[in-house]
Asks: 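One structure, pasted below without further comment.
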Amino acid sequence: MLDFLGDLERTHLCGALRVSDSGRKAVLMGWVNRRRDLGNLLFIDIRDRTGVTQIVFDEESNPRLHEKARQLRNEYVIAVIGTVMKRDGKTINKNIATGEVELVAQELRILNESKQPPFLPSETVLPNEEMRLKYRYIDLRREAMQRNILLRHSLAIAIRNNLSAQGFFEIETPFMTRSTPEGARDYLVPSRVQPGSFYALPQSPQLFKQILMISGFDKYFQIVRCFRDEDLRADRQPEFTQIDLEMSYARPERVWEVVEEFLTAAFKAAGHDIKTPFPRMTYDEAIRRYGSDKPDLRLPAMTDLGDAFAKEDLAALGLSPKLPIVALRIPKVGELSRKERDDIKPLFNGKGRAKVFEDFKRLEKSFPQAAARVRERCGAASDDLIVLVAGADAAAGSKSGGDGKPEATPHDHAVYTAAGLLRLGLAQKYAERHRAFERTGDPARDFRFLWVTDFPMFEYDEEGQRWAAAHHPFTSPHEQDLEKLESDPGAVRALAYDTVLNGTELGSGSIRIHRQDIQRRIFRALGMTEEEARQRFGFFLEALEYGTPPHGGIALGLDRIVMIIAGAESLREVIPFPKTARAVDLMVDAPTPVSEAQLKELGIMIRRG
RNA sequence: GGGGACGUAGUUCAGUUGGUUAGAACGCUGCCCUGUCACGGCAGAGGCCGCGGGUUCGAGUCCCGUCGUCCCCGCCA
């Protein structure tokens, strides 16, 4: 028989009682975490989000109560009235915060039973993710998940308070809005009132926040859900939370200060001090030195070898002096075994324009002088792994002619990015064995922020045979590069910037275009006719004509910030109800088909088969 | 869209070269135990080996397909 709560009130949380509470009466409520039945003596660990407390039921002093307590099973919900007793020296449990006391029960109310759960929150080995996601409510009872979700709360509150203190206003923008196909795929919501028409869930509140600038709310922010119908990754969910902000009359540096300030507050809330201002690096430098637009600064930069090799050496190696050669140094990894050298091949496969020399020892034998120069330039210690990546000859031939495609850059990005992938792959693969990521103690606590600036304005889209906005089409070009907009689009730099932390892109922002004439030129450069532009963004182009102040902003991924601070490997560890790789919610089983009646009402027909 | 890993008891896993009745730990059920705290001891229940085909005298094991979870590439203005 279950008991009612009645007018019983809980006096303490399950992690609260201390020796100083000895002798006091206490009422605890929570789950049965563990039961230790010693016959006439029964111990129950009662658990809530704050911890566990041992409860004692003694047959001798209260046989009926003891008998009742024997019914308790894991995950039952109970209320216990009892007296806090100091434990004797020998019976103290130093492993838990409440271990110096126990609650001697006087009354037990069984508030609810539990079926045998598929797994126990107190277990040390995790079930697989499918199980965890299906029974998410049980998974979330686990201490690690509680910690992550509460950490998320603390960060969000700290950020909200900080931005408010910096003079920003949190303003809501619609979730049911307009599809602007470009970039990520939209999630669509059919309109019942207008059959055949659809709302789109926002990929970001981009245009709304710009319109808020036009409306005079000169500092806007929002911690807001965004939606993108693209394939998932460990760090990508179809719905995710962004810290979105926009400000009027701001130069990039001002936006960076705002971000550095709220991140400082957020990390502080999690007990971490971070250093500001963050270092800055242009996109071009990031590619050349790290082979990535989101460099992980915890690993040494790559070294451009340039003229380390003599001409004869290059010829002997089958390399052209015109192509880049870079060296990767992974500290403390040592030489790779033959098997390991074979294993790294998949790490750069697919980026086939690079030639990799993973056996530096061999290179050293054949080209001792060049190898010595390489070691010196990399600043390599004897137990560092060195791998060379060079442009393969095929890369030289692949540079395109005058067919409108961009020339390959003089530094051929393909070589650098292949080297960059290899750099990360090697470090990750051997991080545990060789602790390549270890710099200053705990690797997860080594927060290396970075601003990456001066992104290219356009990227050539091979598939669509056209220029595409690298950031988004409302990003302002550098004023000095405006003249190249028509003549040399590939060389136009954008006033765009990314926040990078330990190789993860935390956020992305830009100064926006506030002048209608420039916006038009950008659309034209993107190959969009006036008509197309008006059809897609007409409302916005019109808004631009009514006195738009210069403005800019940024959006940072809250989930990713929490993930990194929590030291988690996946976003799913910091999102209470995440989706699987196929964008399914295993707990509620969504998405699902809907009834014919619903479809009919919406004027939608599903093609089957 | 492509590549890879995995799928055996409620859970985590083992399962040899294809060969008798598919095992262990935890959890679960019952009994014993008054100082345990990942309690201990004894006994027990629990299996469509993801699903569907195939090869074979014989399949958890080999092959094909399919479904699911995870990781990566593409994709993510």
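Below, chain A is the first sequence line, B the second, and so on; all start at residue 1.
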Asks: Using only heavy-atom distances, decide whether a donor-acceptor pair under 3.5 angstrom links the side-chain of A/Arg236 to the base of B/C75.
Replies: yes

Asks: Expressed in whole Å, how much space separates the P atoms belonging to B/C63 and B/C6?
Replies: 12 Å

Asks: Scan residues 50-66 of chain A against RNA chain B and write down, sorted by residue number, each residue with any heavy atom closer than 4.0 Å; if none is found, say none.
Replies: A/Gln54, A/Asp58, A/Glu60

Asks: Between B/A9 and B/A14, how far apart are the C1' atoms? Round to whole Å, please.
Replies: 13 Å

Asks: Does B/U12 pair with anything, Watson-Crick or G-U wobble, both distances under 3.5 Å, and if so, with which nucleotide?
Replies: B/A24

Asks: Please tabulate, for side-chain N and O atoms in residues 116-126 of chain A, each donor-acceptor pair with protein atoms closer than 3.5 Å (sequence neighbours left out).
Replies:
none

Asks: Considering only heavy atoms and no angle criterion, is a donor-acceptor pair shorter than 3.5 Å present between the side chain of A/Glu102 and the base of B/G35?
Replies: yes

Asks: Report the residues that fulfil ring-ring contact (aromatic ring centres under 6.0 Å, His included) with A/Phe208, sequence neighbours left out, ordered by chain and then residue number.
Replies: none

Asks: Write down the distance separating the C1' atoms in B/C70 and B/G58, rounded off to the nearest Å.
Replies: 35 Å

Asks: Could one point to a donor on the side chain of A/Arg228 or the base of B/C76 with an acceptor on the other under 3.5 Å away?
Replies: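 Checked by distance alone, the answer is no.
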
Asks: Of all residues at least two apart in sequence or in a different chain, which pass the side-chain hydrogen bond (donor to acceptor under 3.5 Å, both in side chains) check with A/Arg70?
Replies: none

Asks: Work out how far the P atom of B/G60 is from that of B/G19, and round it to whole angstrom.
Replies: 10 Å

Asks: I'd like to check the side-chain hydrogen bond (donor to acceptor under 3.5 Å, both in side chains) partners of A/Glu75; sequence neighbours left out, ordered by chain and number.
Replies: A/Arg47, A/Arg141

Asks: Report yes if the side chains of A/Asp21 and A/His12 come closer than 4.5 Å at any heavy-atom pair, otherwise no.
Replies: yes

Asks: Do A/Phe175 and A/Phe227 have their ring centres less than 6.0 Å from each other?
Replies: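 Aromatic pair counts; centres sit under 6.0 Å.
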
Asks: With P as the reference atom in both, quote the distance from B/G53 to B/G46 in angstrom, rounded to an integer.
Replies: 27 Å

Asks: Quiz question: going by heavy-atom distance under 3.5 Å, is there a donor-acceptor pair between the base of B/G74 and the side chain of A/Asp231?
Replies: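 Answer yes: a donor N or O sits under 3.5 Å from an acceptor.
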
Asks: Tell me whether the side-chain N/O atoms of A/Arg233 come closer than 4.0 Å to OP1 or OP2 in B/G74.
Replies: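 Answer is no, no contact under 4.0 Å.
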
Asks: If only side-chain N and O atoms of A/Asn93 are considered, is one of them under 4.0 Å from the OP1 or OP2 phosphate oxygen of B/C37?
Replies: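 It does not, given that no N or O in the side chain of A/Asn93 lies less than 4.0 Å from OP1 or OP2 of B/C37.
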
Asks: Identify the nucleotide, in any strand shown, that forms a Watson-Crick or G-U wobble pair with B/U17, with both distances under 3.5 Å; if there is none, say none.
Replies: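 Base partner found: none.
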
Asks: For A/Tyr220, check side-chain hydrogen bond (donor to acceptor under 3.5 Å, both in side chains) against everything at least two apart and list the hits.
Replies: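 Once residues adjacent in sequence are excluded, the partners of A/Tyr220 under the side-chain hydrogen bond (donor to acceptor under 3.5 Å, both in side chains) criterion are A/Gln222, A/Asp244.
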
Asks: Holding to salt bridge (charged side-chain N to carboxylate O under 4.0 Å, His left out), I want the full list of residues that pass it with A/Lys134, two or more places apart in sequence or in another chain.
Replies: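 Once residues adjacent in sequence are excluded, A/Lys134 has no partner under the salt bridge (charged side-chain N to carboxylate O under 4.0 Å, His left out) criterion.
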
Asks: Find the partner of B/C62: check Watson-Crick (N1-N3 plus N6-O4 or O6-N4) and G-U wobble (N1-O2, O6-N3) distances, both under 3.5 Å, and reply none if neither fits.
Replies: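 When the pairing criteria are applied, B/G54 turns out to be the nucleotide that pairs with B/C62.
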
Asks: Please tell me if A/Arg36 has a side-chain N or O lying less than 4.0 Å from either OP1 or OP2 of B/C39.
Replies: yes

Asks: When you check every protein heavy atom under 4.0 Å of nucleotides 5-12 of chain B, what one-letter string (B, S, -) results, 5' to 3'?
Replies: -----SSS

Asks: Counting only side-chain N and O atoms of A/Arg70, is one of them less than 4.0 Å from OP1 or OP2 of B/G30?
Replies: no

Asks: Applying salt bridge (Lys or Arg N to Asp or Glu O under 4.0 Å), which residue pairs with at least one partner in residues 520-530 of chain A are found, sequence neighbours left out?
Replies: A/Glu486-A/Arg521, A/Arg520-A/Glu530

Asks: Would you please indicate if the ring centroids of A/Phe57 and A/Phe43 are separated by under 6.0 Å?
Replies: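 Not under 6.0 Å, so no.
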
Asks: Is there a donor and acceptor pair closer than 3.5 Å between the side chain of A/Arg73 and the base of B/G27?
Replies: no

Asks: Can you see if the side chain of A/Arg185 gets near the phosphate of B/C75 - specifically, an N or O under 4.0 Å from OP1 or OP2?
Replies: no

